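I have placed the structure first, in the form of structure tokens, so that the comments after it can refer back to it.
For clarity, every value in this text was computed on a predicted model and none was experimentally measured.
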Amino acid sequence: MDYKYIDQLLERYWQGQTTLEEESILRTFFSQTDVPAELLRYKELFAYQQYQRQAAVPGADFDERILAAIGQEPSAKAAPAVKARTISLSSRLAPLFRAAAVVAIILTLGNALQMPFSDNGYYQPSAYEETQSGEAVAMAGDSARMGVDRIDTLSQTLNVP
């Protein structure tokens, strides 16, 4: 019998160019009992993959065998089922909210510390800032005029020349 197709699949397999279907064909071919002598050396490789799939799942008596191996008796009651916890979106984002609050506090304190304060806690602009703004000069002129007006009204009421 001619096994050219299997030889071609094996060549492609060694080069890493086979598809999953072609690898399945190779596993099926080598799981047969009648394999040609020249291909018999590859049978163990593909049979091993098949055997590993079956052996990877523990049996129903796995727990009893392990407990017997360590010298304990299996308990009559079954282990409680593990339930998955549901985590809400707000509890997932809570660390993010805390971090944002810390950043906001730090920025607020940083901005507050940049403002110069006097002994009584109120902001007092420097004399330079007051003279640079035209408002300070205008306010000083207004105050002077108001003071002069008050003096005039007081002197008229007291008849002081």
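V102 and L109 fall into different hydrophobic clusters, where Ile, Leu, Val, Met, Phe, Trp and Tyr side chains are chained together by heavy-atom contacts under 4.5 Å.
Membership of the apolar cluster around I66 extends to F62, as traced through chained side-chain contacts below 4.5 Å between ILVMFWY residues. The other residues sharing a hydrophobic cluster with L93 are L89, L96, F97, where clustering joins ILVMFWY side chains under 4.5 Å apart.
Counting only residues at least two apart or in different chains, salt bridge (charged side-chain N to carboxylate O under 4.0 Å, His left out) contacts with residues 16-25 comprise R12-E22.
A 4.5 Å side-chain heavy-atom check between L10 and F30 finds at least one atom pair inside the cut-off. Contact check for L26 versus Y42: no side-chain heavy atoms found under the 4.5 Å cut-off. The side-chain heavy atoms of Y5 and I25, taken from C-beta on, include a pair separated by under 4.5 Å.
With sequence neighbours left out, S88 forms a side-chain contact (heavy atoms from CB on, under 4.5 Å) with S90, S91. For the salt bridge (charged side-chain N to carboxylate O under 4.0 Å, His left out) test, residues two or more places apart in sequence or in another chain that qualify with D61 are R65. Listed by chain and number, the residues in a side-chain contact (heavy atoms from CB on, under 4.5 Å) with I70 are L67, Q72 (sequence neighbours excluded).
The shortest non-hydrogen separation linking R27 to L20 is NH2-O, 4.5 Å. Shortest non-hydrogen contact noted between T108 and A104 is OG1-O, 2.8 Å. Taking all atoms of both residues into account, the shortest heavy-atom contact from V35 to F29 is CG2-O, 4.0 Å.
The CZ atom of R41 sits 12.5 Å away from atom CD of E44, with the distance rounded to the nearest 0.5 Å. Between the CD1 atom in I106 and the CG atom in N111 there is a gap of 12.0 Å [rounded to 0.5 Å].
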